[in-house]
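Letters go in sequence order (proteins before strands), and every chain restarts at 1. Bear in mind that the values here come from a model prediction, so they are computed numbers and not experimental data.
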Amino acid sequence: MPTITLPAPADFVLHRDVCSYGYFLLAPNHWDPATRTFSRILDLDAGPVRVAITQPGGKGSALRIATSRPLAAVEKHAARAQVSRMLRLDEDRDHARRFHSLDPRFKKLGRFRLFRSPTLFEDIIKTVTSCNVTWTSTILMNRRLCECFGRGGAFPTARRLARTAPALLRGRCSVGYRDQRIVELARLFATSRSTLAARLEDPSIPDADIRETLLELPGIGPYAAANIMQLLGRYSHLPLDTESVRHGKTVLGYSGSPRQIMKRVHEHFAPMGDQAFRSYWFELWEFYEKKHGPSWTWQRDSTGKMFTAAQLSK
DNA sequence: GGTAGACCTGGACGC
DNA sequence: GCGTCCAGGTCTACC
């Protein structure tokens, strides 16, 4: 099998940094706990390719990317770029230092990277499919999106979804009333990619302006906007949802209405400033891992389907 | 600015 | 196997 290599930052640990956010459990992503291999289909210009990523040399060593077919030089470049985005290889020691100086609890484990998708569009659609549904439905929607509309099992591109009838999307992928919103989002990214995506990924634009832009998009409310912001590497806002309320009650000991608890959770993490989300998230993640063991041991079809609090309470 | 109700689906539950 | 209820953010209408 053809392979390419990708240098990793000195503190990078594949199993820890892949299994750091729920999206590693969503199609087309696949994590094999037994071999500690991350695999998925990437959609490259010349066609889809399956990649299987390992880190044979352990912490800080280069990543080995096995590909299902030989790649031309330009494709290797594109594959490396997509993998780098997914694994946040651009976040280096300075990011870790900044976060761990504010919240030293996670320094020993070295946690600060959060897994994301190879493209911003996939991150946004994954966020939309996680709104107002249980986690098992999110899993199902993403699987069907890849099966029905992705080239060779890849996540569908904006261009593909932009020319999909909403009713077809609903019928095949069980996305419900999100059908129209997903198609509208796809059209925005397919037709104005150069402006919208570039704006959202422009680090020189202040958080408040990015948030405002996100809130104008169909299907994106306060929760989704904050989540997309962390996926963009902006950690100042908290995506507060029912999980946050559960966390506020059970871990932080708050009581009151969901609204009151959310407000207190927000205030609790406010001192972390631009690192608030990382502090919040890894505290939440630690809670899940106490219940189910390290996230890199979770089986996609068992633990991976029921790690959230709603399932835990049953 | 705050709030009630509709939007869909899968899963749990009772019969 | 069927019907009912519930969980889950966003959006719109209304106060």
Side-chain angles (χ1 to χ4, degrees), chain A residues 21-23 25-27 117 121-149 156 161 164-189 196 200 208 210-232 237-250 256-267 269 277 280-281 284 287-288 291 299-314:
Chain A
Y21 194 64
Y23 288 6
L25 295 160
L26 298 179
S117 304
F121 177 69
E122 182 177 332
D123 271 340
I124 289 178
I125 299 303
K126 277 187 158 56
T127 300
V128 170
T129 64
S130 73
C131 289
N132 201 30
V133 282
T134 54
W135 181 243
T136 47
S137 293
T138 303
I139 291 173
L140 189 66
M141 282 186 230
N142 278 274
R143 199 179 76 208
R144 289 187 179 159
L145 279 169
C146 297
E147 287 171 356
C148 301
F149 299 105
L161 291 181
T164 299
L168 188 63
L169 197 58
R170 177 185 294 217
R172 291 196 180 170
C173 305
S174 302
V175 297
Y177 63 87
R178 299 164 197 80
D179 57 355
Q180 186 70 47
R181 297 173 190 176
I182 289 173
V183 171
E184 283 176 28
L185 282 166
R187 286 177 182 157
L188 285 168
F189 276 83
L196 179 60
L200 291 172
I210 293 296
R211 183 169 185 273
E212 202 173 306
T213 300
L214 288 169
L215 289 173
E216 287 170 359
L217 299 178
I220 307 298
Y223 164 82
N227 194 56
I228 294 165
M229 285 181 72
Q230 70 86 3
L231 293 164
L232 285 165
H237 288 62
L238 300 184
L240 295 174
D241 59 1
T242 51
E243 284 291 291
S244 319
V245 175
R246 193 274 312 154
H247 189 72
K249 280 184 188 170
T250 61
S257 68
R259 178 180 285 271
Q260 289 168 326
I261 293 172
M262 279 192 192
K263 186 168 179 284
R264 293 194 68 180
V265 171
H266 171 77
E267 289 165 354
F269 290 98
F277 177 77
Y280 160 78
W281 181 257
L284 204 66
F287 175 82
Y288 298 146
K291 299 281 181 187
Q299 299 287 340
R300 184 176 65 172
D301 295 328
S302 52
T303 322
K305 282 188 176 175
M306 43 77 79
F307 73 92
T308 61
Q311 298 296 322
L312 285 171
S313 65
K314 286 171 185 165

Inter-axis angle, terminal five-pair segments of the helix from B:dG1-C:dC15 to B:dC15-C:dG1 [nearest 10°]: 30°

With sequence neighbours excluded, residues passing side chain to side chain contact (heavy atoms under 4.5 Å, CB included) with A:L214: A:L200, A:I210, A:L217, A:I220, A:A225, A:I228, A:M229

Annotated protein contacts, base or backbone, on nucleotides 10-15 of chain C with a non-hydrogen cut-off under 4.0 Å, one of B, S, - each: SS----

A:R178 side-chain N/O to B:dC7 phosphate OP1/OP2 under 4.0 Å: no

Under 4.0 angstrom between A:T242 side-chain N/O and C:dG8 OP1 or OP2: yes

For atom CZ of A:R246 and atom C1' of C:dC6, their distance in whole Å: 19 Å

Test side-chain contact (heavy atoms from CB on, under 4.5 Å) applied to A:N227 and A:T127, A:I124, A:D241, the passing residue: A:T127

Contacts of type ring pair (Phe, Tyr, Trp, His ring centres under 6.0 Å), residue A:Y23, not counting sequence neighbours: A:Y21

Value in whole Å for how far the P atom of B:dT9 lies from CD1 of A:I182: 12 Å

Any A:S137 side-chain nitrogen or oxygen under 4.0 Å from OP1 or OP2 of C:dG8: no

Interatomic distance where CD belongs to A:Q260 and C1' belongs to B:dG2 [whole Å]: 15 Å

Nucleotide C:dG9, atom C1' - distance to NZ of A:K126 in whole Å: 19 Å

Results of salt bridge (Lys or Arg N to Asp or Glu O under 4.0 Å) for A:E267 - residues two or more places apart only: A:K263

Value in whole Å for how far the C1' atom of C:dG8 lies from CG of A:L240: 15 Å

Touch class at under 4.0 angstrom, heavy-atom based, for A:R143 against every strand present: nothing

Any donor-acceptor pair under 3.5 Å from A:N142 side chain to A:L145 backbone: no

Any donor-acceptor N/O pair, A:D123 side chain to A:S117 backbone, under 3.5 Å: yes

Spacing of A:W135 atom CH2 relative to C:dG8 atom C1', expressed in whole Å: 13 Å

Backbone of A:Q230 reached by a side-chain donor or acceptor of A:W281 within 3.5 Å: no

Partner residues of A:S174 under the side-chain hydrogen bond (donor to acceptor under 3.5 Å, both in side chains) criterion, sequence neighbours left out: A:R144

A:N132 CG to B:dT9 P, straight-line distance once rounded to whole Å: 12 Å

Geometric cation-pi criterion A:R246 and A:F287, 6.0 Å radius, 45° cone: yes

Spacing between A:R170 atom CZ and B:dC7 atom P, to the nearest angstrom: 10 Å

